[in-house]
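What follows is a single structure, written as structure tokens, with notes after it.
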2 protein chains.
Amino acid sequence: MTTDCLNCPLRQRPVFEPMKGNELDFMRKFKTGELEINAGTTLMLEGTNSPQLYTALKGMGLRYKTLKSGERQVINFVLPGDFIGLQAGVMQEMQHSVEATTDMKLCVFDRKNLWRLFRDCPERAYDLTWLAAVEEHLLGENLAILGHMNGLRRIASAFVRLHDRGAALGLAHNGRMPLPYKQQDLADALGLSLVHTNKTLRHLRKGGAVRWMNGQLEVLDYDLLCGIAGLDPGRRAILRPLI
Amino acid sequence: MTTDCLNCPLRQRPVFEPMKGNELDFMRKFKTGELEINAGTTLMLEGTNSPQLYTALKGMGLRYKTLKSGERQVINFVLPGDFIGLQAGVMQEMQHSVEATTDMKLCVFDRKNLWRLFRDCPERAYDLTWLAAVEEHLLGENLAILGHMNGLRRIASAFVRLHDRGAALGLAHNGRMPLPYKQQDLADALGLSLVHTNKTLRHLRKGGAVRWMNGQLEVLDYDLLCGIAGLDPGRRAILRPLI
DNA sequence: AACACGCATTAAGATATGACATAGCAGAGG
DNA sequence: CCTCTGCTATGTCATATCTTAATGCGTGTT
């Protein structure tokens with residue numbers, strides 16, 4: 001049986017804004033089911049228009065663009081709570097692909113009903129826009145990272161930010177969290193070559209800041225890592241809506 | 001006197017979606033005035049929360065983030081038709097600053113009324129989300145450019161995309177359009193040093209692809225430029241909403 | 001066992017880019 | 001006319017990063 005939004009375990013997390021009664025009612029109708037997919041499945045394909053929209057409940061994935069040269073730019077990492085398919089919903093088609101890197105469980109919505117969301121539940125429409133604005137913010141940060149940081153700092157900040165996201169979701173304990181990606185994924189996200197990524201990872205490991213092996217991230221020295229990344233260790237996760 | 005939305009000269013442009021009667025009525029109430037600012041004015045400041053939202057009508061500007069190191073990442077170039085302040089509207093505060101590089105004229109909206117837009121005019125709310133999704137798409141493209149292209153290709157693609165935007169707005173004639181930015185602005189947008197940008201511009205000029213001097217962009221050989229940028233010359237501007 | 005395969009790792013040479021130094025050039029202002 | 005300032009232009013040199021290639025190490029398959 002699928003989970004009732006009422007008891008959604010994800011929504012209990014303090015990072016997510018509480019939902020008002022009418023919003024909850026709407027979501028229970030809006031949600032059409034759940035989807036479980038295997039690691040490696042392509043959930044959305046760049047240039048196509050999915051009839052479904054999703055919210056990730058469990059597992060992790062990747063958003064990426066494939067360039068003409070065949071190279072890949074990873075746009076972002078998909079963690080539980082992320083909404084998938086906004087572009088397919090409002091624009092004609094997805095501008096990037098989404099792929100599961102672990103088995104995933106997703107909440108399924110029907111694209112056809114998206115307009116109903118705007119018409120009947122402006123609170124949820126507002127939240128959707130909110131999510132889009134946050135995504136824009138995150139991409140802006142990524143841009144600044146690619147534009148101005150060297151490999152070491154890029155990787156350090158990626159780890160800090162992933163760790164913070166994981167911690168907010170309750171995935172991290174004592175600086176350890178699952179991070180089921182390949183070095184190539186990280187390289188493609190940060191615009192580095194695989195080789196250079198590998199060397200820099202070793203450097204960080206030797207320096208005692210962070211270790212990432214077998215899909216496990218271990219932040220050994222958070223402050224040191226933030227120092228390398230040039231980030232303020234005191235940042236706090238923003239309260240955000242869950243759709 | 002301020003322009004009535006009814007006669008908005010910008011909206012006549014074929015890039016912008018036509019507006020339904022009720023939307024137009026709403027916009028006429030939503031618009032609270034017009035603002036004229038001088039070149040160099042900072043319209044929005046990162047970390048603050050503007051009580052106003054804007055749509056650029058005339059002139060050009062820049063969105064940028066200032067990094068802790070004092071460096072600057074230009075997120076995007078602001079052209080007429082761009083909506084400014086979505087983050088201030090839905091999130092607590094702006095995540096980037098916006099500055100005018102020429103004198104600008106802007107349509108002014110009141111942030112307080114944004115919720116009314118969602119409640120009373122779902123069509124407009126939908127369009128707002130649409131804009132956010134497009135912005136996300138553009139940033140994704142920028143990310144791919146920074147991540148995978150060398151200086152030459154970065155600059156070439158920036159010019160192609162700016163030219164296309166300008167052409168859609170009727171700013172470009174025979175490959176010429178005003179582009180009132182400094183080399184430093186372009187460098188900060190593309191994550192290149194000023195010097196390298198300068199050298200690469202010369203290279204492009206010598207190669208006969210494009211010339212950019214005195215705030216004027218001249219695309220001499222569009223196909224060549226697209227070739228360098230690795231872009232398909234046949235791309236078409238997407239029809240988009242104007243807010 | 002033997003092998004192929006995906007992934008992490010390491011090495012060595014090539015190159016794109018940044019840092020620094022310096023000069024020219026135009027406009028603003030006295 | 002001179003000076004100051006901001007922008008553009010150019011050369012040299014150092015280095016971060018890429019490319020290519022080769023190796024090892026587990027896992028699953030035949």
Side-chain angles (χ1 to χ4, degrees), chain A residues 38-40 62 67 69-74 99 101-102 144-158 179-207 210-218 228 230, chain B residues 38-40 62 67 69-74 99 101-102 144-159 179-207 210-218 228-230:
Chain A
N38 293 328
L62 282 178
L67 311 186
S69 59
E71 295 171 295
R72 189 178 65 148
Q73 173 68 42
V74 170
E99 182 179 309
T101 55
T102 65
I145 289 174
L146 288 211
H148 290 279
M149 295 188 177
N150 62 18
L152 185 64
R153 296 184 60 191
R154 291 190 205 186
I155 293 185
S157 27
L179 194 63
Y181 299 100
K182 290 178 287 188
Q183 295 189 352
Q184 183 71 63
D185 296 329
L186 189 63
D188 286 344
L190 301 178
L192 299 169
S193 73
L194 174 59
V195 174
H196 194 60
T197 303
N198 181 288
K199 278 195 275 203
T200 308
L201 286 173
R202 179 160 52 103
H203 186 166
L204 280 169
R205 216 183 305 135
K206 291 247 170 93
V210 66
R211 204 153 46 155
W212 176 39
M213 296 166 69
N214 307 319
Q216 272 277 324
L217 180 71
E218 288 182 64
I228 297 172
Chain B
N38 294 328
L62 283 177
L67 311 185
S69 58
E71 295 170 297
R72 188 179 66 149
Q73 173 68 42
V74 170
E99 182 179 308
T101 55
T102 65
I145 288 173
L146 288 211
H148 289 280
M149 296 188 178
N150 62 18
L152 185 64
R153 295 185 61 192
R154 290 188 206 186
I155 292 185
S157 24
F159 281 157
L179 195 64
Y181 299 100
K182 290 178 288 187
Q183 295 189 353
Q184 183 72 63
D185 296 329
L186 188 63
D188 286 345
L190 301 178
L192 298 170
S193 72
L194 175 59
V195 174
H196 193 60
T197 303
N198 181 288
K199 288 184 205 185
T200 309
L201 286 172
R202 177 164 53 106
H203 185 166
L204 280 169
R205 215 183 307 136
K206 291 249 169 92
V210 66
R211 205 154 44 155
W212 177 40
M213 296 167 70
N214 308 318
Q216 271 278 325
L217 181 70
E218 287 181 66
I228 297 172

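Small disclaimer: the values here were computed from a predicted structure and weren't measured. Chain naming here is simple, since letters A, B, ... match the order of the sequence lines and numbering starts at 1 in each.
The closest donor-acceptor contact from the side chain of A:Asp188 to the backbone of A:Asp185 lies at 3.5 Å or more, if one exists at all. Proximity of a side-chain donor or acceptor of A:Gln73 to a complementary backbone N or O of A:Ala189 within less than 3.5 Å is detected. Within the 3.5 Å criterion, the main-chain N or O of B:Leu179 finds a donor-acceptor partner in the side chain of B:Trp212. Side-chain atoms of B:His148 come within 3.5 Å of backbone atoms of A:Arg72 as a donor-acceptor pair (strictly under, hydrogens ignored). No donor-acceptor pair closer than 3.5 Å links the side chain of A:Arg211 to the backbone N or O of A:Arg205.
Rounding to whole angstrom units, CD1 of residue B:Ile155 and P of D:dT8 are separated by 12 Å. As a whole-Å value, the separation of B:Gln183 CD from D:dT10 P is 10 Å. Atom NZ in A:Lys206 sits about 11 Å away from atom P in C:dT9, given to the nearest Å. Here D:dA9 presents its C1' atom at 17 Å from NZ of B:Lys182, a figure rounded to the nearest Å. As rounded to whole Å, 13 Å separates atom C1' of D:dG6 from atom CG of B:Asp185. B:His203 places its NE2 atom 15 Å from the C1' atom of C:dT17, with the value rounded to the nearest Å. Taking atom CD of B:Gln184 as the reference point, atom P of D:dC7 lies 9 Å away to the nearest angstrom. With rounding to whole Å, A:Leu201 atom CG is found 11 Å from C:dT10 atom P.
Residue A:Arg202 places none of its side-chain N or O atoms closer than 4.0 Å to OP1 or OP2 of C:dT9. Between A:Asn198 and the phosphate of C:dA8, there is no side-chain N or O to OP1/OP2 separation shorter than 4.0 Å.
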Contacts table for residues 190-199 of chain B: side-chain donor-acceptor under 3.5 angstrom, sequence neighbours left out:
unit_1: B:Ser193; atom_1: OG; unit_2: B:His196; atom_2: N; d: 3.0
unit_1: B:Thr197; atom_1: OG1; unit_2: B:Ser193; atom_2: O; d: 2.8
unit_1: B:Asn198; atom_1: ND2; unit_2: B:Gln183; atom_2: OE1; d: 2.9

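Within the model, atoms CG of B:Leu62 and CD of B:Glu99 stand 6.5 Å from one another, a figure rounded to the nearest 0.5 Å.
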Protein-proximity profile, nucleotides 16-27 of chain D, B/S/- by nucleotide at the 4.0 Å heavy-atom cutoff, equals -SSBB-------

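Nucleic acid contact for A:Arg153: none, since no nucleic acid atom lies under 4.0 Å from a heavy atom of the residue.
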